[in-house]
Amino acid sequence: MSRPLLVIFFFLVLITILLINQNYWMAIAIIMFLMLTIKGQQKYVFLVILLILVMSFFIRKSIFEQVLNPGNYQGELHAYKSNYYMTFNQKKVFIRNDTDRRLPAGKYKVSWDKTSYEHRNPNTFSYRDYLNSLGFIQNLNLSEIKLIPIEVKYTLFQKLYIHIENEIKSTYSDDYSGYIKGLFLGDTSKIDSDMKKIFQENGVSHVFAISGLHIGAFIGALLLILKKFEYKQVMTYIIITFYVILVGVPYSALRALMMFLCVDLALKVNRPYDLLSSLSGVGIVVMLINPYAILHTGFQFSFIALLCIGTLLPYLKQLKSEIWLPLGIQLMLLPLVIYHQNTFHILSFVINLITVPLITVVFYMMFIPILFPLPFMSTLVELIIGFVEKFNYFMHQNIFLKTVCSPSLYQIVFFYFIIICWFEIKNKMKILGIVILFASMVVIYKWYAIEIYFLDVNQGDAILIEHRFKNMMIDTGPEYPLIEDILKKNGISKLDYIFISHEHSDHVGGLTFLEPFINDTLFLGQFPNAYLKLIHGQEMKTIEDIGELEIKPIFYDDVGIGNNASLVLLLEAYERKLLFTGDIEEEVEKQLNNLHQIDVLKIPHHGSDSSSTQNFIDMLNPRIGVICVNKNYYGHPDSDVIRRYQRLGTKLYLTQDGCVKITILPFSLMFVKTY
């Protein structure tokens, strides 16, 4: 590959993803591999950049892991589009403006009495990761906090933002001012949520992102207006930088601005401009500032789209048709779209062909009625937006929308790396070798690894087990659609086995949402009549061995009711033992007197004081205990129960802190990871 910066950029992305997902050993292995294969000065350049990245990552990680508990604080309030954020030393807290209030920036005393909670499961959308990608550690709602001003005033950026916002409101009707605000200020909060979902699923939501289209248009207009000034370029970039700060420094706008600067710099020093090299350089700079930026969809789509253009353009030019480039970009972005949405629109390309030009016209026309009193122009702009809205609504039909499971983030990175290599490396056999090597590693890992996820699904049990491309669930959590999203986001389209401990809704309720995943599925457990129609397989009393994994019921009362009728399962693999106990209480615990030394215990009944007796704990002597629990009115987990396990030295994990993943590998290796 002839572009060293591009190679460095891809590997930095991969290493950063591994670090963020706590796969430190894999990150170290890749770094060691690169140190052995990269030759010459490139090795030292890569080493220096990597060192800065790792330092930045761990500094950010130490900040992001901190949480400000409810209480009283003093800090600086800053405007962020129509929202705010506060700084407390190095910590930044996002404050969502869910009111009509407009606050001046400055010093405030702030207090709040509760913090927001979000589910944390593998590959699902995480609002916390989204905040981290923007540099914030947590979020608060303006309506739920108390602010006392100390020394405040409206900044120039605030005054300008509010003035532009008011001009848009006064020029356009309420039905369409939200679209204008989104196009100019990048704030789509006033666009109807249903329409935003339609635009997203149609694949055209990118038109409301401040990107190269906006920056390029402004640069062209400013250069035309300032053409008689001697320092027109300097003045143009100062104004554009001011605009990028005004709209909150979105990654797509920052990328566009920095790349335009790279173009001008190349012209000034009389050096050839290379799109992929400058894009990679900009990406590296952004990642060095905040490695978590790669979690932001604006960063991902903006950089991948430009990578596609830089890679495909030389080849698509030979086809002598302008339609191939947008089609190629659309197809190349498809894996990323599926990863985030789990849907794709068959006619997305056609919708883009109509929507993008019309929105571009709106973008150029929308300033005219603001600057000049021409009411008919605002009416024309609204007519075009109205047509775009109705057209997208009409095209948003279920027959065109396809639901699919997500690939993993690693698979996406590998996909784009192979595509780039295919066009950049002449020796295609090398690429084939890379594909075979990667595929072999994945197959070998999936064949031998046993991955158990104790999912974070509110107050309830839902445990996912993956081994040898088989998917099993022990309980399905409460009646809540989160379980369906988790499976789709983890690439699971079918459940081979479902075990239900007992018929309480916090263990079986999620089965309502699993019908798309049930096909020749084998079941074990108690099922209320309301769920029997979902069971297409046969109820079974035993289960065959699955590779290196053996699951067997050691207690099963198929005629009893309540907690003590819970199915108790023992999983054995690579000399490790895991016990899944449902909601059993003291009565059943006394009957399980033939068990000894359990490696992992799913602690009974969410840590209730009616379970986990001292004799039971002493008999099992678990190394690791997982409590499936969330905020509840029952007092789970009980503090005395927690102390019993802690006195024995059991390492405890609670799903209310995020999903708990346990990986078992050959030679009795076992790793625990939390999300």
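A quick note: this is a predicted structure, and the numbers were derived from the prediction, not measured.
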Charged N-O contact under 4.0 Å between D456 and R120:
no
Compute whether any side-chain donor of one residue and acceptor of the other, for N392 and T355, lie under 3.5 angstrom apart.
yes
Is there a side-chain contact between V457 and T655 (heavy atoms, below 4.5 Å)?
no
In plain terms, say whether D194 and K196 are close enough for a salt bridge, that is, a side-chain N and a carboxylate O under 4.0 Å apart.
no
Using the six-membered ring of F671, assess whether NZ or CZ of K673 lies under 6.0 Å from its centre and within 45 degrees of the ring axis.
no
Can you check whether I191 reaches F208 side chain to side chain, under 4.5 Å on heavy atoms?
yes
Note, T650 side chain near R623 side chain (heavy atom, < 4.5 Å)
no
Do T663 and I450 make a side-chain contact, defined as non-hydrogen atoms from C-beta onward lying under 4.5 Å apart?
no
Between R128 and E118, is there a salt bridge with N-O shorter than 4.0 Å?
no
Output, in order, the C-alpha distance, side-chain angles, deciding distance and verdict of ring-ring contact (aromatic ring centres under 6.0 Å, His included) for F11 and F417.
CA-CA 9 Å; F11 279 109; F417 183 71; 5.7 Å; yes
The side-chain hydrogen bond (donor to acceptor under 3.5 Å, both in side chains) partner of N458 among E479, H119, K631, Q656 is H119
Decide, yes or no, whether a salt bridge links K446 with E451 under the criterion of side-chain N to carboxylate O below 4.0 Å.
yes
Identify whether the distance between the nearest side-chain nitrogen and carboxylate oxygen of E65 and K61 falls below 4.0 Å.
yes
Nearest atoms (heavy-atom pairs only) where A27 meets L19:
CB-CD2, 4.1 Å
Got L648 and D618 here, is their nearest side-chain heavy-atom distance under 4.5 Å?
yes
